[in-house]
Visitor: 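Got a structure for you, questions after.
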Amino acid sequence: MKTLPKIKFTSYLHLSIFTIGIYSFSVTGLALSNLSTPVYTSASAAIKLDKTNFGGGFVLEDWFFARDTVGHNVSSTCEEAKNGGVGSSQVFIGNALVKQVADFTWTSETDLIKKLSGHGYSPEDIEKIFQYHRDTYLGKTLENNEVVFTKLREAKATGIKIIRLPITWAIQYDKSYTFTKPDGQVVTLPAEYDIKGNTIANVPKSNGNVQLIQDPFYSDKKWASIPISQIEAVLKGANQLGMQVILDVHAFPGGSSDGTYNGVWPDAPRFWLPKKEVYQANFRAIFDRLVAWASDLKETDPAAFAGLAGLTPMNEPAHLMGFLEISKNEPLLSKKPVCSATDSTGKIISWGVQPKDVLDTLALAVEDFRASVLSKTQVKLVMNVIETMYNPNDYNPKDQKTYPFSLIGNWWLGITSPEERKVWAAVDIHHYVAWDGGCNNVLTAKHPLYNQTGDLQWNDPGVWKSPIFEKDSSGKTILQYAIKNPDGTYTIIDNDNFNKTYKKTDGTLFVDNRNGFAQIKACSTWFLNVRRELGILDNNELVFASEFSAGTNSDSWKSGSSGRALNNNKPITITNFDTYRNTFLEAQVKNAAEASVEAIFWTWKIENNNFSDWSLSTICNSAKKPSVCGGNSNANANSYPAY
């Protein structure tokens, strides 16, 4: 886990995937009771999870492709990054039709490409490797001379209707386009920026195949392009199944966020380099072309257009910028990994922008979407914003004028109309509890046990164990977390499947609602609060949470819901982890539905078994699947090949 400066009010912060995270809201006593009447009124058993991300296909993160014996952090730590990352070249490539791959680790997409080149792979080899991965990830195949995607079909079998597809900026269209370089007049730029002229040609016209594309901010980094025809094929394949896709621009040139998904990890993000007109021009160079393509698609390929549910301009804009002290007098980000938070002299590094600059840039996407034909169709603008772009030392959560969610909400209400927010303008906030100290400490918390005489005692078994059958010293089978009755039998008391009630030897009752099931139920109430914090109380106005999971710790070896927990560095045999995982997932989905928050699970499939609580296909195809999984999900339990 990264070392961050000491911050205030950590219970009100949340750092989202995929680097460091802190829970957005306190989990004690913040359940919202004054929201307007929920849209969803059905019983919780009838509520199904129908949206998921398909991460790991077009956007690479090393922990997705780590070996089970290595990768267990969501996401990789700075220490892991500095040691070369945890991604395995062999796990990523699998059975690609190229020469036998060398065994090495990598940190991000551009790092993987650079290392493949260093191991003797030609650009043509690398392009084939990436295309093979994308095809197998989605299960692309031909059936009756039609392109189908078997993984989308499997997702539909679990009740999925909407998928969010993370993609990078490196989309190739039928025409080339350019990016603008910083001009060097405001600050002294690194040597590689000393290029005459401010504009360079960067993205060539598509030939229908993956091509290596130069990053405009890093001379030694290249990306694997995404031909727009291949995205159109995915949309058409989704439409064939009655599904739709939200296209999410997850990674930007030079990196626009701090995290393993930014494409240049662990090097510093450079997208937000001065001047403002430069990064705004580059933002529009990416998003406006996406909007123009989608607008044309309505006429050129109606079947593909029918599969398009929405567009997200930028994923987690300037994520973690707030944890670096912003100063106009500091130098621009150097090649020093941003997770160190300092430059070579020990000074705090600067991103060169403020949160308002980021919001002003995102507002351009609203203007351009509104002016397009898309605003008159079913396609939505899903505007992802993250509160970690704010400096946590600069605000007081009791002062709504400076509270990040209040600022974000006021901004959103100011640039969109109520009618637009009901039809196409959706604000999107990510949420994970995996980094929250109030929710991820189950392996260190104390849990009640009973000795043979029925007296309450405390120990630290590593996980909750309720109910687990065990034997006492005489060999008699008893229920742990139970009361010893006068006749020598034991009774377990379970009030509401969360709080556990016990009777002490003096006859008084003890209710344990601090840990285990009660704790994780409380941690699911974030969805009930987010509308209040944003100031969007009308449940007919669109609010998304396009990333959440069933993971209860950012380290799966410390997560009670992963089934892979360790205690004192030794594996624990957990017999009820799936009950805990399902309870947490079901509570989140139910609360999101009651608050009319469109929740999208992260993610569909991760092959690394350490991350089972982040992999929806694993959860919904398990022997003990949660009630929120729809369809005949167990039918495909053994149908997932490796990447």
Visitor: So, for Val147 and Gln240, which heavy atoms are closest and what is the spacing to 0.1 Å?
Guide: O-OE1, 3.5 Å
Visitor: Under 4.5 Å between any side-chain heavy atoms of Leu142 and Val148, yes or no?
Guide: no
Visitor: Residues in side chain to side chain contact (heavy atoms under 4.5 Å, CB included) with Ser549, at least two apart?
Guide: Tyr432, Phe601, Trp614
Visitor: Any chance you could measure Ile600, atom CD1, to Thr52, atom OG1, to the nearest 0.5 Å?
Guide: 8.5 Å
Visitor: Please report the interatomic distance OG1(Thr260) to CD(Glu109), rounded to the nearest 0.5 Å.
Guide: 12.5 Å
Visitor: With no hydrogens and no angle check, is any side-chain donor or acceptor of Ser89 less than 3.5 Å from a backbone partner on Thr105?
Guide: no
Visitor: Does Thr361 form a side-chain contact (heavy atoms from CB on, under 4.5 Å) with Met314? I'd like the steps, not just the answer.
Guide: CA-CA 10 Å; Thr361 303; Met314 181 182 288; 5.9 Å; no
Visitor: Between Gln172 (side chain) and Pro204 (backbone), is there a donor-acceptor pair under 3.5 Å?
Guide: yes
Visitor: To the nearest 0.5 Å, what is the distance between CG (Asp135) and CZ (Phe149)?
Guide: 7.5 Å
Visitor: Taking the side chain from Gln244 and the backbone from Asn239, do they hold a donor-acceptor pair closer than 3.5 Å?
Guide: no
Visitor: Could you grab the distance from atom CG of Leu112 to atom CD1 of Ile126, nearest 0.5 Å is fine?
Guide: 8.0 Å
Visitor: Is the closest basic N to carboxylate O distance between Arg564 and Asp555 below 4.0 Å?
Guide: no
Visitor: May I ask you to test the Tyr580-Thr552 pair for a side-chain heavy-atom distance under 4.5 Å?
Guide: yes
Visitor: Starting from the C-alpha separation in whole Å, work towards a yes-or-no answer on side-chain contact (heavy atoms from CB on, under 4.5 Å) for Asp248 and Leu165.
Guide: CA-CA 6 Å; Asp248 154 45; Leu165 185 66; over 6 Å; no
Visitor: Under a plain distance cut-off of 3.5 Å, with no hydrogens placed, do Glu316 and His430 share a side-chain donor-acceptor pair?
Guide: yes
Visitor: Indicate, with yes or no, if the rings of His250 and Tyr261 have centres closer together than 6.0 Å.
Guide: yes
Visitor: Can you confirm whether Phe548 sits close enough to Trp526 that some side-chain heavy atom of one is under 4.5 Å from a side-chain heavy atom of the other?
Guide: no
Visitor: Test of understanding: with side chain to side chain contact (heavy atoms under 4.5 Å, CB included), list the residues that count as partners of Lys221, not counting sequence neighbours.
Guide: Thr110, Asp215, Tyr218, Val264, Asp267
Visitor: Taking the side chain from Ser206 and the backbone from Tyr173, do they hold a donor-acceptor pair closer than 3.5 Å?
Guide: no
Visitor: Identify, with sequence neighbours excluded, every residue that meets side-chain hydrogen bond (donor to acceptor under 3.5 Å, both in side chains) alongside Lys115.
Guide: Asp111
Visitor: Could you check whether the rings of Phe104 and His119 sit parallel, tilted or perpendicular, using 30° and 60° as the cut-offs?
Guide: parallel
Visitor: Can you tell me if Ser108 uses its side chain to pair, donor with acceptor, with the backbone of Trp265 under 3.5 Å?
Guide: yes
Visitor: Roughly how far, to the nearest 0.5 Å, is NZ of Lys156 from CD1 of Ile163?
Guide: 13.0 Å
Visitor: Test side-chain contact (heavy atoms from CB on, under 4.5 Å) on Leu49 and Leu616; report intermediate values, then the result.
Guide: CA-CA 10 Å; Leu49 178 56; Leu616 188 61; 3.8 Å; yes
Visitor: Among residues at least two apart in sequence or on other chains, which ones pass side chain to side chain contact (heavy atoms under 4.5 Å, CB included) with Glu586?
Guide: Asn582, Pro626, Ser627, Val628
Visitor: Any idea which heavy atoms bring Phe64 and Lys605 closest together, and the distance?
Guide: CE2-O, 4.3 Å
Visitor: Should Lys625 and Ile619 be marked as a side-chain contact (heavy atoms from CB on, under 4.5 Å) after you check the CA-CA gap, both sets of side-chain angles, and the distance that decides it?
Guide: CA-CA 6 Å; Lys625 66 179 182 179; Ile619 294 172; 5.7 Å; no
Visitor: Just wondering, are more than 12 heavy atoms of other shown residues or ligands nearer than 6.0 Å to NZ in Lys236?
Guide: no
Visitor: Asn262 side chain to Ser257 main-chain N or O, any donor-acceptor pair under 3.5 Å?
Guide: yes
Visitor: Decide yes or no on salt bridge (charged side-chain N to carboxylate O under 4.0 Å, His left out) for Glu598 and Lys380, but give the supporting numbers first.
Guide: CA-CA 12 Å; Glu598 299 292 340; Lys380 293 176 174 56; over 6 Å; no
Visitor: Is Asn591 reaching over with its side chain to a backbone N or O of Ser524, donor-acceptor style, under 3.5 angstrom?
Guide: yes
Visitor: Which residues satisfy the side chain to side chain contact (heavy atoms under 4.5 Å, CB included) test with Glu80, sequence neighbours excluded?
Guide: Asn73, Ser76, Thr77, Val86
Visitor: Do Trp169 and Val203 have side-chain heavy atoms sitting under 4.5 Å apart?
Guide: yes
Visitor: Does any part of the side chain of Val74, heavy atoms only, come nearer than 4.5 Å to the side chain of Trp63, both counted from C-beta?
Guide: yes
Visitor: Can you give me the closest heavy-atom contact between Trp602 and Arg164, atom names plus distance?
Guide: CZ3-NH1, 4.1 Å
Visitor: Please name all residues satisfying side-chain hydrogen bond (donor to acceptor under 3.5 Å, both in side chains) with Asp613, sequence neighbours left out, ordered by chain then number.
Guide: Ser559, Ser561
Visitor: Taking the six-membered ring where the residue is Trp, are the ring centres of Phe58 and Tyr137 under 6.0 Å apart?
Guide: no
Visitor: Of all heavy-atom pairs between Gly208 and Gln230, which one has the smallest distance, and what is that distance?
Guide: O-NE2, 3.2 Å
Visitor: Taking the side chain as C-beta and beyond, is there a heavy-atom pair between Val249 and Thr312 under 4.5 Å?
Guide: no
Visitor: Can we call the ring centroids of His133 and Phe65 under 6.0 Å apart?
Guide: yes
Visitor: Relative to the ring of Phe283, is the ring of Phe252 parallel (under 30°), tilted (30 to 60°) or perpendicular (over 60°)?
Guide: parallel
Visitor: Rounded to the nearest 0.5 Å, what separates atom CH2 in Trp223 from atom OG1 in Thr168?
Guide: 6.0 Å
Visitor: For a 4.5 angstrom cut-off between non-hydrogen side-chain atoms, does Ile171 reach Leu290?
Guide: yes
Visitor: Ring-plane angle category for Trp557 and His72, please: parallel below 30°, perpendicular beyond 60°, tilted otherwise.
Guide: parallel
Visitor: Among side-chain atoms of Asp68 and Asn610, is any donor-acceptor pair under 3.5 angstrom?
Guide: no
Visitor: Do Lys151 and Phe54 come close enough that some side-chain heavy atom pair is under 4.5 Å?
Guide: yes
Visitor: Do we see a donor-acceptor contact under 3.5 Å between the side chains of Gln211 and Asn207?
Guide: yes
Visitor: Under the criterion side-chain hydrogen bond (donor to acceptor under 3.5 Å, both in side chains), I'd like the reasoning laid out for Trp293 against Glu232: C-alpha separation, chi angles, the key distance, then a yes or no.
Guide: CA-CA 10 Å; Trp293 157 79; Glu232 292 170 358; 2.8 Å; yes
Visitor: Search all heavy atoms of Phe179 against all heavy atoms of Pro253 and return the closest pair with its distance.
Guide: CE2-CG, 4.0 Å
Visitor: Using a 3.5 Å distance criterion without hydrogens, assess whether the side chain of Asn202 forms a donor-acceptor pair with backbone atoms of Gln214.
Guide: yes
Visitor: Check whether Asn53 reaches the backbone of Ser546 with its side chain - one donor and one acceptor, N or O, closer than 3.5 Å.
Guide: yes
Visitor: Is Lys114 reaching over with its side chain to a backbone N or O of Asp220, donor-acceptor style, under 3.5 angstrom?
Guide: no
Visitor: Indicate the atoms forming the closest heavy-atom contact of Val234 with Leu138, along with that distance.
Guide: CG2-CD1, 3.8 Å
